[in-house]
Amino acid sequence: MDNQPTVCIVGSINMDLTITTEKMPMQGETVLGKDFATYPGGKGANQAVAASRLGANVHMIGAVGTDAFGEKLLAHLKKEGINTQGMRTDPSQPTGIANIILSEDDNRIIVAPGANKSVLPDLVDKQKELIKQSDVILMQLEIPMETVLHTLAIASKFQVPVILNPAPYQKLPEALLAKAAYFTPNEIEAEAIKESPLFSSIQKKLIVTEGSEGVTFYENNSQQWIPGHPVEVKDTTGAGDTFNGAFAAEIANGASIREAVTFANAAAALSVTKIGAQGGMPTRQEVKERIP
Ligand code: ADP
């Protein structure tokens, strides 16, 4: 990219503890799985890595504990070229983790948020400069809602647009729906927005990701659809995160909504061809080579 666009992410960071298995355990059942591995994850950090690999300048505001997972995750962010000045190390909480069970045709995830609960409004206040300097703010809902609302208020003051990835699924406060520039739910999360009385006024800000089917969005008041790319699927964990990081990087770079959705749809398709939420996140070069 010519004029390095800047994306600031206020969000979660976890260590993903991933077990692959042939058979999902039923209630009360223990099964012998196949492989175990740890992967850096958390929606915030995943989206930060996606945006950074695609050439954006990325600031991450978030928190880890003082344990070994926290140290590893901070080192990993730095290795990915992400500015960690906005990261807090909280001695009172463990680093967030996600327990992921992965079988051929299913995945089950449980998250223990830990230090992500310490991403509070005061941390964002300390990093106001980062928000002010950014072209776009990208948030998800794995940190306290009060922080998401507070960040939105600061970003509005500085006239920096906010992309909200309303994941995981939850009912959204009206203040949130009123202020964000774009919402990027998957089909399930979109249902929570459709139920809101504000739905008709924010419909045009919706970019709904539909897995292998692609993406639906609005352009010039009319609904548009871009189909998904046919790829060999290995692990869909992190597809939405790749989409969001890529979309934010493109919007920060001044792309139109169609250009940003088209690019993010291609980047996200490549991300599902490898194991691990971040494992398949492509570079800009890889997107250009594989999905011209
Ligand atoms: P989430 O991972 O948040 O549930 P989706 O499943 O909607 O989100 O996936 C996000 C985006 O990733 C899709 O809109 C699409 O661009 C891409 N994607 C996901 N699954 C596939 C797939 N099987 N083949 C191609 N692209 C995919």
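Every number for a ligand or one of its atoms is a count from 1 in the order of the listing.
Relative to the six-membered ring of F263, R258 misses at least one condition, a distance below 6.0 Å or an angle of at most 45° to the axis.
S222 and Q224 share a side-chain donor-acceptor pair at under 3.5 Å. Side-chain polar atoms of Q278 and N46 form a donor-acceptor pair below 3.5 angstrom.
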Would you tabulate the polar-atom pairs, meaning N/O of ligand 1 against N/O of the protein, with distances under 3.5 Å, reported to 0.1 Å?
| residue | atom | partner | partner atom | Å |
| --- | --- | --- | --- | --- |
| ligand 1 | 2 (O) | G240 | N | 3.0 |
| ligand 1 | 4 (O) | N186 | ND2 | 3.0 |
| ligand 1 | 7 (O) | T209 | O | 3.2 |
| ligand 1 | 7 (O) | T209 | OG1 | 2.8 |
| ligand 1 | 7 (O) | G211 | N | 2.9 |
| ligand 1 | 14 (O) | G214 | O | 3.0 |
| ligand 1 | 16 (O) | N265 | OD1 | 2.6 |

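Counting only heavy atoms from C-beta outward, the side chains of L164 and L152 never approach each other to under 4.5 Å.
Here the two rings, on Y182 and F217, have centers that are 6.0 Å apart or farther.
Considering all non-hydrogen atoms of both residues, L172 and P166 come closest at CD1-CB, 3.9 Å.
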